[in-house]
Amino acid sequence: MTTVAEFVIGGLADPWVAIGLHFSSDGRANVGNTWLHCDSRLPPGLHSWVLCDAPQAVSSIDGLVTSYVDDVPALKMGSANKASNSFQLAILGVDHVVVNTPDLQRTSDALAAATGEPLKRVRDAGNGVQQGFHRLGGVIVEIVSSPQMLAGPASFWGLVFVVDDLDAVFNHVGPDVLSPPKSAVQPGRNIATFRSAAELGVPCALMTR
């Protein structure tokens with residue numbers, strides 16, 4: 001089964017540290033069974049992913065920059081980049097990664113071919129917006145298409161993490177950084193979105209289990 005070993009983001013780690021993530025000496029933060037790898041040489045944003053146990057190796061999945069490892073990277077010990085306060089954003093895992101594309105079927109077919117993981121379902125979100133879903137291990141890949149998207153390749157957009165205590169995170173960072181928790185589309189779950197003031201450079205949200 002193809003799984004996601006890590007997501008590569010650009011920009012400085014400081015804004016992520018400010019919300020409670022701790023990075024190892026090699027720039028990785030644990031987010032459940034996946035790593036968030038911060039590469040300061042890249043501009044802010046979600047740039048690529050690293051897959052594990054894929055049936056074939058390609059450098060791009062319909063525009064999504066992709067690389068591979070045989071095993072999930074081990075944490076390199078050393079001086080960690082920790083927040084100045086004691087709060088730790090304990091992420092249980094990545095719920096889903098959002099991918100934008102002007103052609104949902106094209107991107108979905110490319111993802112299925114590269115990973116061996118088929119399209120699970122398609123949801124009509126209204127106003128011509130469609131969402132297609134694949135699963136790579138514990139991570140859902142949500143492919144979003146709309147009539148407003150310009151022709152071209154697919155691109156990574158944002159991440160949604162699962163946390164155990166969403167209210168505790170909200171109380172720590174405050175309403176200027178994180179929107180108040182509200183009911184998610186998924187029944188029985190709550191969601192909150194990081195605002196631009198967080199300066200993460202990647203659209204991110206937090207969800208309860």
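Index from 1, following the sequence.
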>> To check you understand the geometry: which heavy-atom pair defines the closest contact between Asp164 and Leu92, and what is its length?
In response: N-CD1, 3.8 Å
> Should Val98 and Leu46 be counted in the same cluster of Ile, Leu, Val, Met, Phe, Trp and Tyr side chains packed under 4.5 Å apart?
Replying inline: no
> Relative to the ring of His172, is the ring of Phe87 parallel (under 30°), tilted (30 to 60°) or perpendicular (over 60°)?
Replying inline: parallel
> What distance do Asp62 atom CG and Arg106 atom CZ have between them, rounded to the nearest 0.5 Å?
Replying inline: 4.0 Å
> How about Asp103 and Ser145: do any of their side-chain heavy atoms sit closer than 4.5 Å?
Replying inline: no
> Which heavy-atom pair separates Ala198 from Pro15 by the least distance, and what is that distance?
Replying inline: O-CB, 3.5 Å
> Where do Phe156 and Ser48 come nearest, in terms of heavy atoms and distance?
Replying inline: CE1-CA, 3.6 Å
>> Thr3: which residues meet the side chain to side chain contact (heavy atoms under 4.5 Å, CB included) condition with it, sequence neighbours left out?
In response: Cys52
>> Just to verify, what does Arg195 make a side chain to side chain contact (heavy atoms under 4.5 Å, CB included) with, not counting sequence neighbours?
In response: Ser179, Pro180
> What is the minimum heavy-atom distance between Asp176 and Ala197, and which atoms define it?
Replying inline: O-CB, 3.3 Å
> Same hydrophobic cluster for Leu111 and Tyr68, using side-chain heavy-atom links shorter than 4.5 Å among ILVMFWY?
Replying inline: yes
>> Has Gln56 got a side-chain atom pairing as donor or acceptor with Ala113's backbone, closer than 3.5 angstrom?
In response: yes
> Do Pro55 and Thr2 come close enough that some side-chain heavy atom pair is under 4.5 Å?
Replying inline: yes
> Rounded to the nearest 0.5 Å, what separation is found between the CZ atom of Phe7 and the CH2 atom of Trp35?
Replying inline: 14.5 Å
> Under a 4.5 Å side-chain heavy-atom rule over Ile, Leu, Val, Met, Phe, Trp and Tyr, are Val160 and Val141 clustered together?
Replying inline: no
>> Before you tell me yes or no, could you show the steps for Leu42 and Ile9 under side-chain contact (heavy atoms from CB on, under 4.5 Å), namely the whole-Å CA-CA distance, both residues' side-chain angles and the distance that decides it to 0.1 Å?
In response: CA-CA 8 Å; Leu42 299 172; Ile9 59 172; over 6 Å; no
> For Asp124, does the CG atom sit with more than 12 other heavy atoms under 6.0 Å from it, leaving out its own atoms?
Replying inline: yes
>> Let's go through His134 and Ser108 carefully: what are the C-alpha distance in whole Å and the side-chain angles of both, what is the deciding distance for side-chain hydrogen bond (donor to acceptor under 3.5 Å, both in side chains) to 0.1 Å, and is it a yes or a no?
In response: CA-CA 8 Å; His134 294 251; Ser108 178; 2.7 Å; yes
>> Measuring only between side-chain heavy atoms, which start at C-beta, is Asp167 closer than 4.5 Å to Pro181?
In response: yes
> Between SG of Cys38 and CG of Leu12, what distance do you get to the nearest 0.5 Å?
Replying inline: 7.0 Å
>> Working note: Arg189 + Val162, criterion side-chain contact (heavy atoms from CB on, under 4.5 Å); need CA distance, chi angles, decisive distance, verdict.
In response: CA-CA 10 Å; Arg189 303 179 72 183; Val162 179; 3.7 Å; yes
> Taking everything shown except Asp53 itself, do over 12 heavy atoms lie less than 6.0 Å from its CG?
Replying inline: yes
> When Ser155 is tested against each of Thr101, Val65, Asn100 for side chain to side chain contact (heavy atoms under 4.5 Å, CB included), which residue passes?
Replying inline: Asn100
>> Would you say that Ile19 contacts Leu200 through its side chain, given a criterion of any heavy-atom pair below 4.5 Å between the two side chains?
In response: yes
>> Working to the nearest 0.5 angstrom, can you tell me the gap between Leu136 CG and Met1 CE?
In response: 9.0 Å
> How far apart are the C-alpha atoms of Thr208 and Val163, what are their side-chain angles, what is the distance that settles it, and do they pass the side-chain contact (heavy atoms from CB on, under 4.5 Å) test?
Replying inline: CA-CA 5 Å; Thr208 55; Val163 294; 5.6 Å; no
>> Within the 4.5 Å heavy-atom criterion, are Phe133 and Arg123 side-chain neighbours or not?
In response: yes
>> Within the structure provided, determine whether Val97 and Trp49 are in side-chain contact (heavy-atom separation under 4.5 Å).
In response: yes
>> Using the rule given for side-chain contact (heavy atoms from CB on, under 4.5 Å), can you reason through Leu36 versus Leu21, listing the C-alpha separation, both sets of side-chain angles and the distance that settles it, and then say yes or no?
In response: CA-CA 10 Å; Leu36 192 66; Leu21 273 186; 3.9 Å; yes
> Any side-chain heavy-atom pair from Thr66 and Leu51 closer than 4.5 angstrom?
Replying inline: yes
>> Are Val31 and Ile140 connected into the same hydrophobic cluster when the rule is that any two of I, L, V, M, F, W, Y join if their side-chain heavy atoms are below 4.5 Å apart?
In response: no
> Which pair of heavy atoms, one from Pro153 and one from Gly63, lies closest together, and at what distance?
Replying inline: CB-CA, 3.8 Å
>> To the closest 0.5 Å, what do you measure between CG (Leu206) and CG (Leu89)?
In response: 6.0 Å
> Is any side-chain heavy atom of His22 less than 4.5 Å from a side-chain heavy atom of Gln88?
Replying inline: yes
>> Between Glu117 and Arg135, is the salt bridge (charged side-chain N to carboxylate O under 4.0 Å, His left out) condition met? List the steps.
In response: CA-CA 7 Å; Glu117 304 301 333; Arg135 180 178 285 276; over 6 Å; no
> Looking only at heavy atoms, what is the nearest atom pair of Asn127 and Pro147, with distance?
Replying inline: O-CD, 4.0 Å
>> Can you confirm whether or not the ring centre of Phe23 sits under 6.0 Å from the ring centre of Trp16?
In response: no
>> Among Ile143, Val144, Val129, Val99, which residue satisfies the side chain to side chain contact (heavy atoms under 4.5 Å, CB included) criterion with Leu104?
In response: Ile143
>> Starting from Val94, can I reach Val202 by hopping between I/L/V/M/F/W/Y residues whose side chains sit under 4.5 Å apart?
In response: yes
> Can you tell me how far CG of Asp109 sits from OG1 of Thr107, rounded to the nearest 0.5 angstrom?
Replying inline: 9.0 Å
